[in-house]
Peer 1: 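Here it is, the structure in full.
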Amino acid sequence: MSGHPGELLSAFLDGELSAADQAAVEGHLRECAACAREFEELAAVDAFARGLPVPAPAGYFEELPGRVRARVRRPARVPRLAVWAAAAAAAVMAVTVTPLLMQRERSVTAPAAQSAPYAPAAGSAAPSSTVPPPEAGFADAGATRDRVRPAPSAKREAQGRLLERDRADKPAALPAPSALPRPAEEALGKTKENVGGLAQDRMTGGAAPTKAPAESELAAAPSASARAVPTADAQKERAAPPPERKLAASGGAFAHPDDRALMIEKRYQALLSRSATSAAQARALRDAWDLFARDVPAPPRADEARVRAMEAGALAWRLGHDPDDLAATRARARAYLDAETAPQAARVRAVLESLPPGP
Amino acid sequence: MDVPSRADAGRALEARAAAGPAAPDAAEADLLARARDGNLFAFDEIVKRYQRRVYATAVRIVRRHDVADDVVQEAFLRAHQALGRFDLSRPFGPWICRIAANLAVNHVRSPQAREEALPEAHAETPVKGASPLTRVLDTEARAVLARALEDLSAEQRAVFALRVFEDLSYKEIAEALEISIGTVMSRLSRARERLRVALTPYLGAAMARRAEGSER
């Protein structure tokens with residue numbers, strides 16, 4: 001080597017030079033103290049950088065998996081019709097309390113972002129023609145926000161019907177489901193334009209991304225209807241069972257028992273984050289908590305659900321002044337306090353005291 | 001500061017060459033297979049396993065927590081969507097980190113990113129162990145290094161992060177960032193040189209301490 005290796009030192013450190021260059025640099029370093037020192041310093045920079053901490057906000061890694069889950073949870077490999085049918089049929093079955101199916105009806109009572117059930121393993125019952133190709137999700141980052149909303153044709157019609165019914169007795173605009181954590185949605189909105197245009201095929205070693213028709217429809221579907229779906233209360237679902245329920249019954253069970261536990265937890269969290277700004281919404285929330293308490297009979301979740309149902313009932317009365325809400329809530333609170341075990345007696349007493357005195 | 005000798009670097013290279021590409025363990029392959037079949041619980045486990053590593057890759061490039069958070073989520077989403085094409089015999093970590101690095105660089109290149117506020121102040125984490133003087137010097141050196149990293153371009157940071165923290169080859173980095181191997185080489189060289197110059201006062205002291213230690 002005629003001169004100092006200069007830029008080659010970095011590649012030498014990484015063992016990325018050709019054999020000839022590698023030998024030449026090595027020979028030079030034996031002769032040149034300045035370059036040898038520089039090389040040691042470069043190696044030291046690497047070592048020192050590896051010791052730099054990577055600070056993240058407290059609790060960040062505890063909640064990140066849940067946020068990823070909320071965005072991933074969509075019927076990527078499940079026929080959308082089957083997903084919809086599973087959700088609706090499970091709501092019907094809620095009445096007869098079949099534990100496995102109980103898990104699925106959650107999508108009726110939980111906000112949209114949480115609503116798509118876990119994708120069952122392959123072998124689901126619906127026609128394969130409705131399965132989007134794996135590349136579908138690659139269309140763009142923006143589409144990920146809409147992926148949670150199964151939409152094409154039949155389902156969208158069903159959504160439309162539900163929306164109309166919802167509008168009929170819920171004049172006020174429904175609040176957007178808050179179950180999808182704020183940062184995931186807002187932050188995505190902020191950067192999706194930037195990250196969306198990547199050449200994903202290279203990153204993931206696949207073919208050029210293709211936008212599946214189903215996904216395109218999703219992106220175009222009005223978000224209002226998608227939001228309205230989960231707020232349709234369970235009673236309506238029970239009154240109008242969709243014809244596709246056989247599909248759901250024969251669709252694969254959840255792939256892992258832990259999925260069910262996870263879903264119960266997610267459903268619980270979704271309900272916790274749900275708010276009501278009208279009497280109708282408060283009633284729907286009350287009914288959703290009731291359903292949850294029936295599905296998950298074990299304390300403490302069930303007890304919390306019962307108390308929350310009472311609180312939602314009291315809220316329904318305050319918002320609508322419907323005597324039925326008042327009477328029902330009062331009766332439930334008294335029954336709770338009269339029971340042998342009333343773990344949250346103080347809270348229920350507070351509910352009772354928030355209502356006007358009565359019979 | 002622990003300064004490796006040339007012999008250390010040589011041994012590391014040999015070890016890397018001997019080990020070959022890191023093989024994923026069977027449990028991970030099983031998790032990935034289940035996740036690929038639609039089991040979100042399995043994918044959840046994958047996220048938990050790799051979230052810190054992916055976040056580290058992202059934040060080292062974008063230098064802002066909120067942006068890194070976006071990048072991490074998006075990287076996992078894309079990995080999830082592409083699992084069907086992923087070769088389960090290969091390690092998942094480098095793959096998802098490459099996705100994250102690509103997303104991160106593309107974000108930083110975007111016009112919107114240029115309008116965003118300056119990076120958040122880097123937390124100065126006190127160095128544990130060693131003598132008080134060493135701790136002060138090392139803490140100071142860390143702050144200097146953090147600032148020097150911020151002064152690099154995002155492209156340089158990406159190359160540096162993938163090489164130094166993820167141990168990717170130049171070829172792998174070139175593929176991940178869609179640049180030539182020559183560009184990888186020159187960017188990495190310039191990045192290291194700038195960091196070396198910034199850290200020189202501390203590197204000298206650290207190497208002197210090391211030399212003293214070895215003489216005793």
Side-chain angles (χ1 to χ4, degrees), chain A residues 7 10-11 13-16 29 39-50 52-57 61 64-65 67-69 71-73 76-78 118-122 134 137-138 141 144 183-184 187-188 190-191 193-195 198-200 202-206 255-256 258-259 262, chain B residues 1-6 9 13 34 37-41 43-44 47-48 51-52 55-56 59 65-67 69-70 73-74 76-78 80-82 84-85 98-99 102-103 106-107 110 112-113 123 125 141-142 145-146 163-165 170 175 178 185-186 188-189 192 195-196 199 203 206-207:
Chain A
E7 282 201 349
S10 168
L13 178 62
D14 295 324
E16 291 271 0
L29 290 181
F39 174 75
E40 294 222 344
E41 286 180 348
L42 285 177
V45 165
D46 281 11
F48 197 44
R50 287 191 192 101
L52 268 187
V54 182
F61 293 114
L64 178 63
R67 290 162 59 208
V68 172
R69 204 184 306 132
R71 289 183 59 192
V72 164
R73 191 187 298 120
R77 291 175 182 77
V78 181
Y118 278 70
F138 268 65
T144 58
L188 175 65
K190 184 157 47 71
T191 56
E193 301 88 343
N194 306 310
V195 297
L198 297 180
Q200 302 100 336
R202 292 200 196 175
M203 285 193 309
T204 53
H256 194 283
D258 291 330
D259 282 359
L262 199 61
Chain B
M1 191 187 322
D2 187 22
V3 178
S5 66
R6 203 179 335 166
L13 284 177
R34 284 165 54 203
D37 289 342
N39 185 323
L40 285 198
F41 179 78
F43 191 68
D44 211 45
V47 173
K48 285 174 186 164
Q51 58 177 347
R52 290 170 194 277
Y55 177 81
V59 83
H65 167 71
D66 57 344
V67 180
D69 178 42
D70 288 347
Q73 289 188 54
E74 190 63 27
F76 277 116
L77 280 180
R78 295 194 180 203
H80 183 257
Q81 289 150 12
R85 296 195 300 267
R98 272 161 31 199
I99 295 175
N102 189 305
L103 288 165
N106 276 279
H107 171 78
S110 70
Q112 177 208 344
T125 310
R142 281 184 175 186
L145 178 56
R163 174 62 226 159
V164 174
F165 303 106
Y170 286 13
E175 286 169 0
E178 299 156 30
M185 192 180 286
S186 60
L188 188 52
S189 173
R192 277 180 170 144
L195 298 178
R196 186 186 72 83
L199 275 179
L203 293 174
M207 287 195 291

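Reminder, nothing fancy here: chain letters follow the sequence lines and each chain counts from 1.
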Peer 1: Write down the atom of Tyr55(B), the atom of Pro55(A), and the distance for their closest heavy-atom approach.
Peer 2: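 What the structure gives for the nearest pair is OH-O, 3.6 Å.
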
Peer 1: Checking Arg69(A) against Val47(B) for the side-chain contact (heavy atoms from CB on, under 4.5 Å) test, could you report, in this order, the C-alpha distance in whole Å, the side-chain angles of both residues, the deciding distance, and whether it holds?
Peer 2: CA-CA 9 Å; Arg69(A) 204 184 306 132; Val47(B) 173; over 6 Å; no

Peer 1: Does the side-chain contact (heavy atoms from CB on, under 4.5 Å) test come out yes or no for Leu64(A) and Gln73(B), once each step is laid out?
Peer 2: CA-CA 8 Å; Leu64(A) 178 63; Gln73(B) 289 188 54; 3.9 Å; yes

Peer 1: First locate atom CZ of Arg67(A), then atom CG of Asp69(B), and finally report the distance between them rounded to the nearest 0.5 Å.
Peer 2: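 One gets 4.0 Å once the value is rounded to the nearest 0.5 Å.
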
Peer 1: When heavy-atom pairs shorter than 4.5 Å are enumerated against chain A, which of Ala56(B), Ser189(B), Ser186(B) gives the highest number?
Peer 2: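 The residue among Ala56(B), Ser189(B), Ser186(B) with the greatest pair count is Ser189(B).
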
Peer 1: Are Asp14(A) and Arg192(B) close enough that some pair of their side-chain heavy atoms sits under 4.5 Å apart?
Peer 2: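 Yes, their side chains come closer than 4.5 Å.
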
Peer 1: Quick one: do Asp46(A) and Arg163(B) make a salt bridge, cutoff under 4.0 Å?
Peer 2: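 Salt bridge flag = no for Arg163(B) with Asp46(A).
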
Peer 1: Which of the residues Val59(B), Asp44(B), Leu188(B) is involved in the greatest number of heavy-atom pairs with chain A at under 4.5 angstrom?
Peer 2: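 Highest number of heavy-atom pairs under 4.5 Å: Asp44(B).
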
Peer 1: For a 4.5 angstrom cut-off between non-hydrogen side-chain atoms, does Ser10(A) reach Met185(B)?
Peer 2: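 Contact flag for Ser10(A)/Met185(B) side chains = no.
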
Peer 1: If you compare all heavy atoms of Arg52(B) against all heavy atoms of Phe61(A), which two are closest, and at what distance to 0.1 Å?
Peer 2: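 Nearest pair, atom of Arg52(B) first, then Phe61(A): NH1-CD1, 3.2 Å.
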
Peer 1: Which pair of non-hydrogen atoms, one from Ala49(A) and one from Phe165(B), has the smallest distance, and what is that distance?
Peer 2: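 Looking at all heavy atoms of both residues, the closest pair is O-CE2, 3.4 Å.
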
Peer 1: Which bit of Val164(B) is near chain A, if near means a heavy-atom gap under 4.5 Å: side chain, backbone, both or neither?
Peer 2: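 Contact with chain A involves both backbone and side-chain atoms of Val164(B).
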
Peer 1: Any side-chain heavy atom of Phe48(A) sitting closer than 4.5 Å to one from Arg142(B)?
Peer 2: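 Sidechains of Arg142(B) and Phe48(A): in contact.
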
